[in-house]
2 protein chains.
Amino acid sequence: MKTLKSAGPELLMLEKTAEMKTNQWVYQLLRTNLLCGKIAPGIPLTIRGLAEVLGVSPMPVREALHRLACEGAVEAKNNRRVIVPMMTAEKFSELCELRILLEAHAAEKALPFIREQDIANLERIDTLVDQAVEQGDVESASLHNQDFHRSLYSANPYQIVVPLIESLWLQLGPFSRIAISKLEKIYIVDRHAEAIEALKQQNSFGLRRAIEADIRDGIASIKTVEGIHNYFQGVA
Amino acid sequence: MKTLKSAGPELLMLEKTAEMKTNQWVYQLLRTNLLCGKIAPGIPLTIRGLAEVLGVSPMPVREALHRLACEGAVEAKNNRRVIVPMMTAEKFSELCELRILLEAHAAEKALPFIREQDIANLERIDTLVDQAVEQGDVESASLHNQDFHRSLYSANPYQIVVPLIESLWLQLGPFSRIAISKLEKIYIVDRHAEAIEALKQQNSFGLRRAIEADIRDGIASIKTVEGIHNYFQGVA
DNA sequence: ATCTAATATTTGTGATCACAATATTCTATC
DNA sequence: GATAGAATATTGTGATCACAAATATTAGAT
């Protein structure tokens with residue numbers, strides 16, 4: 001049986017800062033690795049195995065795995081095995097549709113709360129995305145892109161939808177990264193710029209369109225990736 | 001300070017069946033009590049306190065509370081206190097909008113997968129709702145109503161959206177119950193019947209409309225409840 | 001050599017303990 | 001009497017252990 005331990009410590013490590021609690025560190029670390037696709041679908045994740053690799057007690061790992069299962073990032077089988085779920089074409093399609101549905105709604109709901117400083121902040125983040133893409137820093141680009149979306153939606157103080165959206169991102173796993181990495185720079189800049197322009201004009205419909213297009217561009221770019229089909233049906 | 005323990009063991013108890021694991025029992029019990037509104041907003045929930053009331057070790061309670069926090073049913077403050085979140089008018093409104101958005105989508109996506117036996121099953125569940133409402137059994141009516149919606153959406157085997165919807169129900173907490181309890185019987189029957197009729201005719205648009213109307217009816221009925229404003233802003 | 005049964009290992013869960021951080025209560029001072 | 005500070009109690013977290021269930025491995029029989 002192939003396990004994570006036998007597959008080698010292929011985990012991307014995050015350094016644990018002092019003020020950070022262990023459970024948060026483990027959670028963030030596993031979350032990041034799942035989003036990167038570092039942990040292949042089908043490989044069983046065990047509490048003790050991960051605890052040993054990370055050098056912590058099983059307790060924080062237990063907690064993090066439960067939370068990730070709750071968010072849909074990992075799947076708790078009834079054999080009481082925890083694995084990274086397989087991706088299927090249908091599941092991928094449904095996740096993308098839900099992203100568009102929820103993020104367009106979230107953007108529209110955030111619009112009335114957007115102040116000048118929020119727009120300035122979004123422009124700053126967009127610059128960071130731009131720079132990261134230019135430098136080919138996929139990790140940063142993906143991170144800042146998510147930050148752009150989250151910052152926009154979070155302008156609405158009555159927040160229900162952002163956690164739901166983040167759950168979708170988690171379930172999309174490595175695909176959100178792939179989208180960013182393969183995307184021509186101009187696309188991202190365009191869509192984000194369009195969104196910012198719509199914000200300035202208080203143009204609700206334009207904002208929806210910009211966000212929807214941003215997501216669709218990402219999806220379209222994924223389909224151009226060579227050998228992307230290997231990511232489906234669990235073939236790592 | 002008013003705590004759960006000092007407030008008395010006002011918890012609605014579920015009996016723990018043998019094949020049920022302790023953590024599931026605790027989770028279901030707390031979940032049910034939150035949906036009933038048995039636990040008032042603002043009251044701090046402590047691991048040890050609940051463990052003592054339930055007669056279990058702190059460990060399953062710790063797990064259940066973390067999961068409920070992840071689902072938005074309880075709120076983990078940074079003081080590391082866990083409380084039932086307050087309901088505000090804006091939050092309530094946003095939750096209802098998201099319910100309509102997601103459930104209409106879910107219904108539409110389920111439609112192509114609906115078989116004859118699914119329709120028969122939905123009709124059976126609807127009868128149960130009907131009976132429960134007739135007998136004034138709010139608990140059963142609420143349960144069967146949720147079952148109706150969940151069964152409909154779950155016909156789609158590529159399920160992403162149902163957990164998101166269930167999270168919304170949890171965050172709406174006691175309100176979903178109130179809606180059922182105060183609703184004139186005829187309304188529910190009508191909307192569910194409309195939905196079933198649309199299913200039979202493979203009428204996607206009609207199905208959306210029926211589901212949306214069903215949810216809106218519930219919301220409308222809530223607003224007629226005497227003293228409903230006490231449920232907002234945390235006044236228990 | 002292959003299939004089955006028994007053994008051994010691994011795994012998740014639940015319980016208990018230690019500890020640091022937070023909250024609460026008590027006390028001294030003005 | 002009110003307020004600030006100290007002492008006390010409570011809480012969540014992390015670690016370790018015991019145990020039952022599930023898996024993996026081995027032994028035996030045909």
Rounded to the nearest Å, what distance is computed from the [atom1] atom of residue [X] to the [atom2] atom of nucleotide [N]?
| X | N | atom1 | atom2 | answer |
| --- | --- | --- | --- | --- |
| A:Trp25 | D:dG14 | CH2 | C1' | 14 Å |
| B:Ile83 | C:dA23 | CD1 | P | 13 Å |
| A:Ile47 | D:dA22 | CD1 | C1' | 14 Å |
| B:Leu68 | D:dG12 | CG | P | 14 Å |
| B:Leu65 | D:dG12 | CG | C1' | 11 Å |
| B:Leu54 | C:dG14 | CG | P | 13 Å |
| B:Arg81 | D:dA9 | CZ | C1' | 12 Å |
| B:Glu19 | D:dA21 | CD | P | 13 Å |

Geometric class of the A:Phe113/A:Tyr158 ring pair [parallel <30°, tilted 30-60°, perpendicular >60°]: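 A:Tyr158 and A:Phe113: perpendicular rings.
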Name the closest nucleotide to the B:Asn23 side chain, picking from C:dG12, C:dG14, D:dG14.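 Nucleotide nearest to B:Asn23's side chain: C:dG14.
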Partner set under side-chain contact (heavy atoms from CB on, under 4.5 Å) for B:Asn33, not counting sequence neighbours: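 Listed in chain order: B:Leu11, B:Leu12, B:Leu29, B:Lys38, B:Ile39.
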Between B:Asn78 and A:Thr46, who's closer to the 5' end of DNA chain C by nearest nucleotide?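 Closest to the 5' end, via its nearest nucleotide, is A:Thr46.
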What protein N or O atoms touch nucleotides 16-21 of chain C N or O atoms at under 3.5 angstrom, if any, and at what distances?
{"unit_1": "C:dA21", "atom_1": "N3", "unit_2": "B:Arg80", "atom_2": "NH2", "d": "2.9"}

Do any pairs count as a salt bridge (Lys or Arg N to Asp or Glu O under 4.0 Å) and have a residue in residues 19-32 of chain A, sequence neighbours left out, and if so which ones?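 As it turns out, the salt bridge (Lys or Arg N to Asp or Glu O under 4.0 Å) pairs with a partner in residues 19-32 of chain A, which skip direct neighbours, are A:Arg31-A:Glu166.
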Pair B:Thr127, B:Glu123: side-chain N/O donor-acceptor within cut-off below 3.5 Å: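 Per modelled atom types, B:Thr127 and B:Glu123 side chains form no pair under 3.5 Å.
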Taking only the side-chain nitrogens and oxygens of B:His66, find out if one of them lies under 4.0 Å from OP1 or OP2 of D:dT13.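 So the side-chain polar atoms of B:His66 do come within 4.0 Å of the phosphate oxygens OP1 or OP2 of D:dT13, strictly under.
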Listed by chain and number, what are the salt bridge (charged side-chain N to carboxylate O under 4.0 Å, His left out) partners of A:Lys109, not counting sequence neighbours?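 Counting only residues at least two positions away or on another chain, A:Lys109 forms a salt bridge (charged side-chain N to carboxylate O under 4.0 Å, His left out) with B:Glu97.
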Taking salt bridge (charged side-chain N to carboxylate O under 4.0 Å, His left out) as the test, write out the residues that go with B:Glu63, two or more places apart.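 Applying salt bridge (charged side-chain N to carboxylate O under 4.0 Å, His left out) to B:Glu63 gives none.
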Mind checking what makes side chain to side chain donor-acceptor pair (under 3.5 Å) contact with B:Trp25, not counting sequence neighbours?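 Listed in chain order: nothing, the list is empty.
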